[in-house]
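The next block holds one structure in the form of structure tokens; read it before the comments.
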Amino acid sequence: IRFFTSLFTFLSLILIFKTSQHLFANSHLPYAILLFAGFHPKFIHRSASIINIPLLTLAFSLFFYWALTQKPSLKTSFLLGIATGLALITKITGLNLIIFFAVYLLLFVKPWMNRIKQILIFALGALGISGWNLARNFILYGDPLALNQALRIAADLHPSRVISLLGSSANYWFAVLETTFITFWDGFGWETILFGRLIHYGLLLLTLFSMIGFVKSKINKSLLFLSLTLVIFTAAFLKVNTQFFTPQGKDFFPMILPISIIFVL
């Protein structure tokens, strides 16, 4: 299983490189982006772990590859649906790709009639991969996404219970942001082996500089698409944490492509 998860990540890195080559032709940037993703210490660690993140990363990388390297068409929308279907049967986080597709349509597809056609084809591709699982969940749990089961299992992590331990709502959200940031970069073994605060502060400073630099750079439609998807993903992550306490940086690894591009630029 570790071999397969590593293989999923290897394929994701190829897609990240190919997508970057398309975005930054005749440039060394694709190599820098590949190096950032491929040698990210926590990304390497999780790539050899027995978790669903590597397969989800592959699904997201396929989505971005097809969205940014293929011309908008019914075929492209069908492929995007396939990537979304794969993500949906891997983890609930795959729902983000449905919103990403809506952004894709608004930015790259006109007129409205063409958008409607592509929505139908997208749904066909997504349901072709994940429809059986949605139907199974509905039969077993009365919920296509089995969210009722997820919330039941995670009842002990409801914010009301965690806030009582942390002292206040402000402490709760600080813990969400701090823990997510640290475990995105760091935390090996059972998240117990850490680099140390000095390196964490340095990474935070680099992250702030990268965000400022990206905002000041020349942003085309493709980069706008990637940055909007990262904003949406972050908002969804915060929304999930209003239901149960789950500050895990690994959850951002499916977005390693836009994160790598923003950081390198």
Side-chain angles (χ1 to χ4, degrees), residues 2-70 83 86-87 90-91 93-94 96-97 100 180-188 191 195 199-200 202-214 217 219-220 222-234 237 248-265:
R2 291 185 192 278
F3 170 76
F4 278 113
T5 55
S6 300
L7 182 61
F8 294 150
T9 302
F10 177 67
L11 294 173
S12 297
L13 289 172
I14 292 175
L15 292 168
I16 288 169
F17 183 63
K18 293 293 185 182
T19 306
S20 301
Q21 279 188 316
H22 182 82
L23 295 176
F24 308 106
N26 303 316
S27 168
H28 294 300
L29 283 174
Y31 297 97
I33 291 164
L34 179 64
L35 286 171
F36 179 89
F39 286 91
H40 188 295
K42 191 59 179 294
F43 187 61
I44 295 172
H45 174 220
R46 285 306 185 186
S47 297
S49 301
I50 302 177
I51 55 174
N52 53 11
I53 292 297
L55 181 56
L56 189 66
T57 301
L58 177 58
F60 273 63
S61 299
L62 278 169
F63 184 94
F64 287 129
Y65 173 75
W66 284 325
L68 296 174
T69 66
Q70 307 295 312
L86 178 61
T90 304
K91 195 174 183 181
T93 314
N96 281 284
L97 292 185
F100 292 1
T180 301
F181 181 82
I182 290 174
T183 56
F184 174 79
W185 294 99
D186 195 7
F188 297 87
E191 312 290 359
F195 291 144
I199 293 179
H200 295 160
L203 290 169
L204 178 60
L205 193 61
L206 284 174
T207 301
L208 293 174
F209 283 155
S210 73
M211 292 172 66
I212 294 170
F214 180 74
S217 65
I219 300 175
N220 57 28
S222 294
L223 293 179
L224 176 62
F225 171 69
L226 288 174
S227 56
L228 287 175
T229 60
L230 186 55
V231 170
I232 292 167
F233 189 94
T234 303
F237 176 82
Q248 299 184 50
K250 66 179 175 59
D251 289 336
F252 276 85
F253 286 143
M255 297 296 289
I256 193 68
L257 171 63
I259 289 172
S260 299
I261 288 175
I262 289 172
F263 217 92
V264 168
L265 285 179

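This chain uses plain numbering: 1 for the first residue, then up along the sequence. Keep in mind that this is a model prediction, so the values were computed, not measured.
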Margin query: On a heavy-atom basis, which atom in Ser20 and which in Pro30 lie closest, and how many Å separate them?
Written below: O-CG, 3.6 Å

Next item on the list: Using side-chain contact (heavy atoms from CB on, under 4.5 Å) as the criterion, list what pairs up with Ile44, not counting sequence neighbours.
Entry: none

Note to self: Over 60° means perpendicular and under 30° means parallel, so tell me whether Phe60 and Phe233 are parallel, tilted or perpendicular.
What the structure shows: perpendicular

Check: With Ser47, which residues qualify under side chain to side chain donor-acceptor pair (under 3.5 Å), at least two apart?
Finding: Thr9

Margin query: Holding to side-chain contact (heavy atoms from CB on, under 4.5 Å), I want the full list of residues that pass it with Ile50, two or more places apart in sequence or in another chain.
Written below: Ile1, Arg2

Notebook entry, point to check: In this structure, which one of Phe225, Phe64, Phe252 forms a side chain to side chain contact (heavy atoms under 4.5 Å, CB included) with Pro258?
Noted result: Phe64

Next item on the list: With side-chain contact (heavy atoms from CB on, under 4.5 Å) as the test, would you mind laying out the steps for Leu265 and Phe24 before giving the verdict?
Entry: CA-CA 11 Å; Leu265 285 179; Phe24 308 106; 4.0 Å; yes

Checklist line | Option from Phe237, Phe253, Phe43 for which ring-ring contact (aromatic ring centres under 6.0 Å, His included) with Phe184 holds | finding: Phe253

Margin query: Restricting to ring-ring contact (aromatic ring centres under 6.0 Å, His included), what partner residues turn up for Phe263, sequence neighbours left out?
Written below: Phe36, Trp185

Check: With a 4.5 Å heavy-atom cut-off, do Ile219 and Phe214 have their side chains touching?
Finding: yes

Next item on the list: Grab the two heavy atoms, one from Ala87 and one from Leu97, that are nearest each other, plus how far apart they are.
Entry: CB-CD1, 3.6 Å

Next item on the list: Applying side chain to side chain donor-acceptor pair (under 3.5 Å), name anything that partners Thr229, two or more places apart in sequence or on another chain.
Entry: none

Item checked: Beyond-backbone contact of Ile182 with Leu203, side-chain heavy atoms, under 4.5 angstrom -> no

Margin query: Quick check: closest heavy atoms across Ile53 and Pro254, and the distance to 0.1 Å?
Written below: CG2-CD, 4.4 Å

Item checked: For Pro54, the option from Leu58, Thr57, Ile51 that meets side chain to side chain contact (heavy atoms under 4.5 Å, CB included) -> Ile51

Check: Can you name the residues that form a salt bridge (charged side-chain N to carboxylate O under 4.0 Å, His left out) with Asp251, not counting sequence neighbours?
Finding: Lys91

Check: Which pairs with one or both residues in residues 23-42 pass side chain to side chain donor-acceptor pair (under 3.5 Å), sequence neighbours excluded?
Finding: Lys42-Glu191

Next item on the list: Please report the closest heavy-atom contact between Ile16 and Ser61, naming both atoms and the distance.
Entry: CG1-OG, 4.2 Å

Item checked: With sequence neighbours excluded, residues passing side chain to side chain donor-acceptor pair (under 3.5 Å) with His22 -> none

Notebook entry, point to check: Less than 4.5 Å apart, any side-chain heavy atom of Phe195 and any of Phe188?
Noted result: yes

Item checked: Ile232: partners by side-chain contact (heavy atoms from CB on, under 4.5 Å), with sequence neighbours left out -> Asn96, Ile99, Phe100, Val103

Next item on the list: State which residues pass side-chain contact (heavy atoms from CB on, under 4.5 Å) with Leu23; sequence neighbours excluded, sorted by chain then number.
Entry: Thr19, Leu68, Ser222, Leu226, Ile261

Item checked: ring-ring contact (aromatic ring centres under 6.0 Å, His included) against His200, all qualifying residues, sequence neighbours excluded -> none

